[in-house]
Student: 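My questions all concern the structure below.
Hydrogens, waters and symmetry mates are skipped; everything else that's a heavy atom, side chains included, is used. Below, chain A is the first sequence line, B the second, and so on; all start at residue 1.
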Amino acid sequence: METPSLPGYFRVSGAGALYPRRITRAEMRILFLHVDYLEYEVKEKAVKGLPDLPKEARHGRAEEALVCFISAEKRDEANPIGAAKAAAASIEDVAGQVRTRRVVLYPYSHLSSSLASPDRAQELLAALEKDLRARGYDVTASPFGYYKSFKVAVKGHPLSELSREIVAEAAAEAKEELSDAIKAEAKLRSDWLVLDTKGEAHPLSIKDGSVAGFDFKGHDNLRRFASYEMMKTREVKEEPPHVRLMRDLELVDYEPGSDPGNLRYYPKGRLIKGLIEEHVSQRTREYGAMEVESPVMYDFEHPALKSYLNRFPARQYVVQTPNKKTFLRFSACFGQFLIMKDMVISYKQLPLSLYELTRYSFRAEQRGELAGLRRLRAFTMPDCHALCADVEQAKTQFMVRFEVAWKLLEDCGFSMPDDFEVGMRVTEAFWRDHRDFVTAYAKRWGKPILLEKWSEQFFYFTLKYEFNFVDANDKAAALSTDQIDTENAKRFGITFTDEKGAKRTPLILHLSPSGAIERVMYGLLEKAAADAKAGRPPMLPVWLSPTQVRIVPVSADQLDDARSILSRLDGVRADLDDTSDTLAKKIRTAEKDWVPYVAVIGRKEVESGKINVRVRGTTKQGEMTVDALRSRIASETKDRPFRPLAEPKFLSMRPIFRG
RNA sequence: GCCGCAGUGGCUUAGUGGUAGAGCGGCGCCUUGGUAAGGCGCAGGUCGGGGGUUCAAUUCCCCCCUGCGGCUCCA
């Protein structure tokens, strides 16, 4: 599998998504070792197209030297000469400190999180070698692009082990040395538009620090989303409200004992997450996808995955097994593609979908990017790939799946489409040939959408949408997403037999019907926080409320009656506050727990045989029978999965997970 | 990953170069209460971890961990 060579851009698959990634932070890295000796031996080629080395060049040894393990980084590509100059100065500095005139240059790609292309790296190393010789050093250059073994004896003094990161300066020089990467990146033009429901496209631009080109009146979230996408504006600087909520409600918490972005779920959080997971999987199966399960880790050396991953090693969690190096999946793409390539498929069976709920998918996101439930390193993503015979079938199926995603988020408690903004990414060619389809999509969505149009297809898809939740801090998070992938079937060798008996390559749709489950929770909590801020009672949908009914006896005299009422509420998550708190205190506790129905049992209720129900957020109470409450909840939770209470039904029996 | 800020009993926090106080929560006793905190008492702290400076460090310095904000990035 060969991905289009596109330095400066970079593939990420999330429900298989692919995004541009501008590399600006990486620098050349050097690890210095002051050694008694270093000895190396060339094993085999690591980079294709290199000549076989003559025998005398296959090993080398240097005594009493400063060894420099070097990786050239993406950033250096723009200016290899400047980078080499900066590196030479740094090496001279260190060599001076350890008082040696002998230097070993040892290309060592493992230092890098974002490796430069081999060509550029070689250019840089050659320049560096030349520069150092010019400064009068005795330079040993170990060959580039081969796997080597080495022996080394490091001196013990304090300066014997140092590492540096070096950035070339000389901006003027950089311009002349523009790399192919920069040129390629410059060639990719991205235009921003708003496409309204009538099919009219409004080109956007940035004027005076805000997005212009469309009248955003009545579409404030779309304005904020466009601004987020186009300018990365940050108007608010607070902790996202859902973080406090997820902890205060004892749902989810950070786990300092793990890696950042790997969370712990308390019983109530696990309950909610499990219910959403069940519902998403159920609905996706009903849509017609066949559920499968695939491994969480994959061989770095697998031919279909290798070149892809070597390019972006920093993105993956790496796991060393007893005999190979593997990476943890960042979506179900690999697993499903590897299954699909071995399947025997007829056109009669298309469209054909596989589905998996990945618990977990892993992405080693940068530390500063992590945030509560919005952005994680380990997350649960439903991922559903459909093979389609041709673009017409893909378009039809795309909309079938759109309805699945829409309904799912609606079921989870979101208002559709009010709570989301569509981001649509499309290639110029697809836009030209299928503009009617994109317009029909906007019409179906029911409000204007943000369109990013790419001049060329650099990524594996021609069309992609996301439903973006825009939160109180003006940050956008994508939930549901689907794409039309024109490349991966070929890359993975997935085929079907057509009417004429010929092998053909299908298109692949990549759907995450709800987006990451954690993000669904994030959205629900953010929505609740927004309600609270607006003076409305924050709550979760009844089917997701950890406690649906709280029975509160006025005094201990009614405990027995309360227990019998509790026993009549089977099929409902009902619990009983059997503490010795006062009534007011027990009501307060129930309100803090966001319990939608609080049933008070006192002497009056025992006599009347009815219960007094306080409905969440209102101070209004109403008399009703137990059966009436039961059927009310049944109708509110119809067609949703059910799980019993996650904790003991008597509050006095519950431990506290978090103050 | 980079820059800045933060970390004090389960939670929220006060405070200090001479080893810490409060509220909530917990436990006990009293209270038997009609819709968002009843009363009294008790227990609970290696002041995130490691190193350094100092007669003495929770306090000052360095490194690390975790979190927050920004950058970058993105599902």
Student: Is it the case that the side chains of Ser281(A) and Glu291(A) hold a donor-acceptor pair, with the cut-off being a distance below 3.5 Å and no angle test?
Tutor: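 Glu291(A) vs Ser281(A): no donor-acceptor pair found between side chains.
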
Student: Are Arg614(A) and rA36(B) close enough that a side-chain N or O sits under 4.0 Å from OP1 or OP2?
Tutor: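 Yes, because at least one side-chain N or O of Arg614(A) sits under 4.0 Å from OP1 or OP2 of rA36(B).
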
Student: Could you check how far NZ of Lys586(A) sits from C1' of rG34(B), rounded to whole Å?
Tutor: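 That distance rounds to 11 Å.
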
Student: Contact class for Glu605(A) vs. all strands (heavy atom < 4.0 Å): base, sugar-phosphate, or nothing?
Tutor: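 Base contact.
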
Student: Does Asp471(A) pair with Arg374(A) as a salt bridge, N-O distance under 4.0 Å?
Tutor: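 Looking at Asp471(A) and Arg374(A), the cut-off is met.
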
Student: Is any side-chain nitrogen or oxygen of Arg367(A) closer than 4.0 Å to OP1 or OP2 of rU66(B)?
Tutor: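 Answer yes for this pair, as a side-chain N or O of Arg367(A) is under 4.0 Å from OP1 or OP2.
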
Student: Mind checking Ala556(A) for me? I need base, sugar-phosphate or nothing, with any heavy atom below 4.0 Å counting as a touch.
Tutor: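 If one applies the 4.0 Å heavy-atom cut-off, Ala556(A) turns out to touch a base.
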
Student: What about Phe467(A) and Phe469(A), are their ring centers closer than 6.0 Å?
Tutor: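 No - the distance between ring centres of Phe467(A) and Phe469(A) does not fall below the 6.0 Å cut-off.
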
Student: Do the non-hydrogen side-chain atoms of Phe420(A) and Glu466(A) ever get within less than 4.5 Å of each other?
Tutor: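 SC-SC contact between Phe420(A) and Glu466(A) ruled out.
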
Student: Would you say Lys604(A) places a side-chain N or O within less than 4.0 Å of OP1 or OP2 belonging to rU35(B)?
Tutor: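 Answer no for this pair, as no side-chain N or O of Lys604(A) is under 4.0 Å from OP1 or OP2.
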
Student: Roughly how many Å is it from CD1 in Ile587(A) to P in rA36(B), rounded to a whole number?
Tutor: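 Rounded to the whole Å, the gap is 7 Å.
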
Student: Counting any heavy atom closer than 4.0 Å, what does Pro553(A) reach on the DNA or RNA strands: base, sugar-phosphate only, or nothing?
Tutor: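 No contact at all - Pro553(A) keeps every heavy atom at 4.0 Å or more from the nucleic acid.
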
Student: From the list rC68(B), rU35(B), rU66(B), which nucleotide is the closest neighbour of the side chain of Pro240(A)?
Tutor: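 So the nucleotide nearest the side chain must be rC68(B).
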
Student: Have a look at Asn612(A) and say if it touches a base, only the backbone sugar-phosphate, or nothing, with a 4.0 Å heavy-atom cut-off.
Tutor: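 Result for Asn612(A) = base.
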
Student: Any chance you could list the contact pattern along nucleotides 24-30 of chain B? Use B for base contacts, S for sugar-phosphate-only contacts and - for none, protein heavy atoms under 4.0 Å, 5' to 3'.
Tutor: -SS----

Student: Suppose we call a contact any N or O donor and acceptor under 3.5 Å apart; does that hold for the side chain of Glu365(A) and the base of rG1(B)?
Tutor: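 Flag unset: no donor-acceptor pair detected.
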
Student: Over how many whole Å does the gap from Glu591(A) atom CD to rG34(B) atom C1' extend?
Tutor: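 Nearest whole value for this atom pair: 15 Å.
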
Student: Looking only at side-chain atoms of Leu583(A), point me to the closest of rG34(B), rA36(B), rG69(B).
Tutor: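 Shortest atom-to-atom distance from the side chain points to rG34(B).
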
Student: Taking C-beta and beyond as the side chain, do Glu356(A) and Arg329(A) meet within less than 4.5 Å on heavy atoms?
Tutor: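 A side-chain contact under 4.5 Å exists here.
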
Student: Please give, in whole Å, the distance from rG9(B) C1' to Arg658(A) CZ?
Tutor: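 The distance from CZ of Arg658(A) to C1' of rG9(B) comes to 14 Å, rounded to the nearest Å.
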
Student: Are a donor atom and an acceptor atom from the side chains of Asp383(A) and Thr358(A) found within less than 3.5 Å of each other?
Tutor: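 No, because no side-chain N or O of Asp383(A) sits under 3.5 Å from a partner of the opposite role on Thr358(A).
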
Student: Side-chain donor-acceptor pair under 3.5 Å between Thr380(A) and Glu518(A), yes or no?
Tutor: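 Yes, because at least one side-chain N or O of Thr380(A) sits under 3.5 Å from a partner of the opposite role on Glu518(A).
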
Student: Would you mind classifying the nucleic acid contact of Phe379(A) as base, sugar-phosphate or nothing, using non-hydrogen atoms under 4.0 angstrom?
Tutor: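 Result for Phe379(A) = base.
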
Student: When the C1' atoms of rA14(B) and rC62(B) are considered, how many whole Å apart are they?
Tutor: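 Between the two C1' atoms, the distance is 28 Å.
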
Student: When the C1' atoms of rC65(B) and rG50(B) are considered, how many whole Å apart are they?
Tutor: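 Their C1' atoms lie roughly 10 Å apart.
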
Student: Which whole-number value in Å describes the distance from Asn262(A) CG to rC65(B) P?
Tutor: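 For the pair Asn262(A) CG and rC65(B) P, the rounded distance is 16 Å.
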
Student: Should the pair Glu250(A)-Arg658(A) be classified as a salt bridge under the 4.0 Å nitrogen-to-oxygen rule?
Tutor: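 Not counted as a salt bridge, because no side-chain N and carboxylate O are separated by less than 4.0 Å.
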
Student: When you check the gap from the basic side-chain N to the acidic O, do Lys407(A) and Asp411(A) get nearer than 4.0 Å?
Tutor: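 Yes, this pair counts.
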
Student: For RNA chain B, please output the secondary structure as dot-bracket, reading 5' to 3'. Pairs are Watson-Crick or G-U wobble, both atom distances under 3.5 Å; mark crossing pairs with [ ], other-strand partners with |, unpaired with a dot.
Tutor: (((((((..((((....[..)))).(((((.......))))).....(((((..]....))))))))))))....

Student: NA contact type, Gly368(A), heavy-atom cut-off 4.0 Å: base, sugar-phosphate, or nothing?
Tutor: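 Base: the residue Gly368(A), judged by heavy atoms under 4.0 Å, touches a nucleobase.
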
Student: Once you apply a heavy-atom cut-off of 4.0 Å, does Arg603(A) come out as touching a base, just sugar-phosphate, or nothing?
Tutor: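 Base, at least one base atom sits under 4.0 Å.
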
Student: Would you please indicate if the ring centroids of Phe327(A) and Phe334(A) are separated by under 6.0 Å?
Tutor: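 Close enough - the centres of the two rings lie under 6.0 Å apart.
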
Student: Whole angstroms only, please: what is the CG-P distance between Asp248(A) and rG10(B)?
Tutor: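 The distance from CG of Asp248(A) to P of rG10(B) comes to 17 Å, rounded to the nearest Å.
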
Student: Can Lys604(A) and Glu623(A) be counted as an ion pair, charged N to O under 4.0 angstrom?
Tutor: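 Not counted as a salt bridge, because no side-chain N and carboxylate O are separated by less than 4.0 Å.
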
Student: What integer distance in Å separates Ile551(A):CD1 from rU35(B):P?
Tutor: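 That distance rounds to 18 Å.
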
Student: Should Thr582(A) be listed as having a side-chain N or O under 4.0 Å from OP1 or OP2 of rG38(B)?
Tutor: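 Thr582(A) to rG38(B) OP1/OP2: side-chain N or O found under 4.0 Å.
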
Student: Mind checking Gly372(A) for me? I need base, sugar-phosphate or nothing, with any heavy atom below 4.0 Å counting as a touch.
Tutor: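 Answer is sugar-phosphate: Gly372(A) comes under 4.0 Å of backbone atoms only.
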
Student: Measuring from the side chain of Ala584(A) (C-beta onward, heavy atoms only), which nucleotide among rG67(B), rC73(B), rA37(B) has the closest atom?
Tutor: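 In terms of side-chain proximity for Ala584(A), the closest of rG67(B), rC73(B), rA37(B) is rA37(B).
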
Student: Check whether any side-chain nitrogen or oxygen of Tyr228(A) sits under 4.0 Å from OP1 or OP2 of rC74(B), and answer yes or no.
Tutor: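 No, outside the criterion.
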
Student: Can you tell me how far P of rC74(B) sits from CZ of Phe362(A), to the nearest Å?
Tutor: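 Rounded to the whole Å, the gap is 21 Å.
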
Student: For the side chain of Arg616(A), starting at C-beta, report the closest nucleotide among rC74(B), rC68(B), rA36(B).
Tutor: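 Within the option list, the nearest is rA36(B).
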
